[in-house]
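Counting starts at 1 for both ligands and their atoms, following the listed order. What you see below is based on every heavy atom in this structure, not just the backbone, and it leaves out hydrogens, waters and symmetry mates. Quick caveat: nothing in here was measured; it's all calculated off a predicted structure. Residue numbers count from 1 along this sequence.
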Amino acid sequence: MTRAGVLGLQGDFIEHIRALRSIGVDAVDVRRPEQLEGIDALIVPGGESTTIGKLAAQYGIIPKLRERVDQGMPVWGTCAGAIFMARDVPAHPHPLAELMDITVERNAFGRQVDSFEVDLSVAAIGELPFHAVFIRAPLISRVGPDVETLATLEDGTIVAAQQGRLMATSFHPELTQDARLHRYFLSLIAA
Ligand code: GLN
């Protein structure tokens, strides 16, 4: 049985655990570096990237996580988690994992559209659109040469990207019943 971890320092990790369990995955929350040893994949949830970064650094999660990524463990960051994944986040006050060659702008959609929902086309998971919930979401303003864009808004704004076994999405797939992105992410284990 696949065992997936969800970084449980802050944010909506419970929703990701629920989503993973609903598709038959053994899901656990991860708060200590040594717990990264016992899992096949890790999700970093939405929440507040400043808090997640600060606590991850404080608890010694980041070096161990980089080691596991070097060993091939898939990691997926959603919303604040996507910020945590990015190598470049302008003016971020706390440490981040810096795993993906992307630039992410926080709170990028402005106050008047702080939160919105949209049906996205995501070719990697099939033809049916994915209903995406954005909550004070970041956007991906640059992707490096090894990064594939998985989804954009109609105006071309990148909201989902993949670099090998690493993924970042601006939105919250754990807040809908559609588990296709969770399944897609898990398919990266030992792929
Ligand atoms: N605005 C938050 C941040 O910058 C992210 C919001 C979210 O995860 N829903 O960390």
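- Each of the atoms 2 (C), 5 (C), 6 (C), 7 (C), 8 (O), 10 (O) of ligand 1 lies under 4.0 Å from some heavy atom of Gly47.
- The contact set between ligand 1 and Gly46, taken as ligand atoms under 4.0 Å from a residue heavy atom, comprises 8 (O).
- Contact annotation for Ile83 and ligand 1: only side-chain heavy atoms (C-beta onward) come within less than 4.0 Å of the ligand.
- At the top of the distance list for atom 1 (N) of ligand 1, counting protein heavy atoms only, stands Asn107 OD1, 2.6 Å.
- Here's the thing with Ala80: one of its N/O atoms is less than 3.5 angstrom from an N/O atom of ligand 1.
- We find that Lys64 and Glu34 are not joined by a salt bridge, their nearest charged nitrogen and carboxylate oxygen being 4.0 Å or further apart.
- For the pairing with His131, the side-chain hydrogen bond (donor to acceptor under 3.5 Å, both in side chains) check across Asp178, Asp119, Thr176 returns one residue only, Asp119.
- The aromatic rings of Phe109 and Phe134 lie perpendicular to each other, with more than 60° between the two planes, well past the 30° mark.
- For atom 3 (C) of ligand 1, the closest non-hydrogen atom of the protein is Arg106 NH2, 3.5 Å.
- Here's the thing with Cys79: none of its N/O atoms is less than 3.5 angstrom from an N/O atom of ligand 1.
- Using cut-offs of 30° and 60° for the angle between ring planes, the His182 and Trp76 rings count as perpendicular.
- Residue Arg136 places at least one N or O, backbone or side chain, under 3.5 Å from an N or O of ligand 1.
- In terms of protein heavy atoms, atom 10 (O) of ligand 1 is closest to Ser49 N, 2.6 Å.
- In the model, Gln10 has no side-chain atom that pairs as donor or acceptor with a side-chain atom of Thr51 under 3.5 Å.
- Inspection of the His16 and Thr78 side chains reveals an N or O donor paired with an N or O acceptor under 3.5 Å.
- Comment: Arg106 engages Glu48 in a salt bridge, judged by a side-chain N to carboxylate O separation of less than 4.0 angstrom.
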